[in-house]
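Heavy atoms only: backbone and side chains are in, while hydrogens, waters and symmetry mates are out. Remember, it's a predicted structure, so these values are computed and weren't measured experimentally. Throughout, protein chains are lettered first and strands after them, A, B, ... in sequence-line order, and every chain is numbered starting at 1.
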Number of protein chains: 2
Amino acid sequence: MPDVFKKYLSEKGGITDLQFDKIEPFLFERKIKKGETILEQGEVCKNAWFVEVGCLRSYVTDKKGKEYIFQFAPENWWISEQNSLHKNEPSLLSIDALENSSVVVIGANFFEQLPVPAGANNNFRHVILQNRLYSLQKRIIYLLSATAEERYIDFLNTYPALSQRLSQKLIASYLGITPESLSRVRKELFKKN
Amino acid sequence: MPDVFKKYLSEKGGITDLQFDKIEPFLFERKIKKGETILEQGEVCKNAWFVEVGCLRSYVTDKKGKEYIFQFAPENWWISEQNSLHKNEPSLLSIDALENSSVVVIGANFFEQLPVPAGANNNFRHVILQNRLYSLQKRIIYLLSATAEERYIDFLNTYPALSQRLSQKLIASYLGITPESLSRVRKELFKKN
DNA sequence: AAAGTTCATTGATGTAGGATAAGAAATGGA
DNA sequence: TCCATTTCTTATCCTACATCAATGAACTTT
């Protein structure tokens, strides 16, 4: 069933079809409707999710009810609340679907079950963690040092497909600005080009 | 020699004295003078460093020469440029010493050499990565959603010792504000208490 | 197709924090 | 110990972005 995930594991993790057959019984797919929430801020996160179709997001809500998007997860991305999953602590983030989506549900011990391909040491998991670390690092640097316009341009380069699929309201929330400001930033950008 | 590191490995990684003796030949200590740079933006990072004494920082410099501090590393912290180390790409960050410091130099393959303690799977490395991930996540959420004052209070809570050791200029650069603004924030805080 | 929502844009106005400048306090080097 | 440098503070003005409000366009829902 989970063909996108199978392909991902093969390409990124070097997992063969044979090895995949062994872990398939532990996997299952889940459909998530647009707007449906799969993790609520304050709950303990029990899974990670791999997105095969659609797009999810993780976000915080502050006291005033304002939402700040931490991460988008379109096809081939992982999403979860690492710290909650790892330490059984309450999650800082909520996770919901921005489009009708299909995900593979990954249990906490998935990577222990995953066979280690010949030749490779088990650093597939590390590669995933390292990549995430890098994208968070880049995000922090941009939040510290770049203007709203620079951050928007970076977003367009980093997620060219998403800029077509998501509303500006969502993109603004990811950039840390209001939708009104994003509208003005875009106006300025169009003027320049 | 590297007693602080030995203690750290024992407490956090479950490494026994006997096991430590096996890896000690691969370790060496390095003294870094205040102001000395050990990694320059654009270079490829070949090591990670574990701080035994003193304090280092990693930071970016923008086109105008303004510095933004990504991370502080006092005693018992790791510092490095993960992405550069991992993929042999040019580093986004520079690393230098804020105090006269003593570090353990850790090669890229250190964790492969590290013996796996009985009973534990080799998730010591994961725990380190997960903790770092969590602190970056928290930082992003604060940068997105909190005021300068809230971020300063969070800094005081997260690094109570550092607020005594570091100049306000450095703390401001970590918070993403100017030293003048931090001075005002502090004035307001004192007024309230 | 009408009515209710949500979304994007625009304008007017407000504000947190930046830029600049200058004096005071602390630190450091010879 | 004195001079130089760096750090911290305070004041004034400025700017990027927020807030509030209004309008039309684009969706949902019935």
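The phosphate of C/dT9 (OP1 or OP2) has no side-chain N or O of A/Lys187 nearer than 4.0 angstrom.
B/Phe155 is linked by a ring-ring contact (aromatic ring centres under 6.0 Å, His included) to B/Tyr159, B/Tyr174, counting only residues two or more places apart in sequence or in another chain.
Among pairs with a residue in residues 176-190 of chain A, those fulfilling salt bridge (charged side-chain N to carboxylate O under 4.0 Å, His left out) read A/Glu188-A/Lys191, at least two apart in sequence or across chains.
Among the heavy atoms of the strands, none lies under 4.0 Å from B/Lys64.
Between the C1' atom of D/dA16 and the CG atom of A/Leu143 lies a distance of 15 Å, rounded to the nearest Å.
For B/Phe70 and B/Tyr59, the distance between ring centers is not under 6.0 angstrom. For B/Phe26 and B/Phe110, the distance between ring centers is not under 6.0 angstrom.
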Shorter than 3.5 Å, N or O on both sides, protein versus nucleotides 3-8 of chain D: list them out with atom names.
unit_1 : atom_1 : unit_2   : atom_2 : d
D/dT7  : OP2    : B/Lys169 : NZ     : 3.4
D/dC8  : OP1    : B/Gln168 : N      : 3.1
D/dC8  : OP2    : B/Gln168 : N      : 3.1
D/dC8  : OP2    : B/Lys169 : N      : 3.2

Output one line per pair: protein atom, nucleotide atom from nucleotides 12-17 of chain C, and distance, for all N/O pairs under 3.5 Å.
unit_1 : atom_1 : unit_2   : atom_2 : d
C/dG17 : OP1    : B/Ala148 : N      : 2.8

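One axis for each end of the helix from C/dA1-D/dT30 to C/dA30-D/dT1, each built from five base pairs, and the angle between them comes to 60° at 10° resolution.
Ring-plane geometry between B/Tyr8 and B/Phe124 is classed as tilted, the angle between the planes lying from 30 to 60 degrees on a 0 to 90 degree scale.
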Readout for nucleotides 21-30 of chain D: B = base within 4.0 Å of protein heavy atom, S = sugar-phosphate only, - = neither; 5' to 3' it is ----------
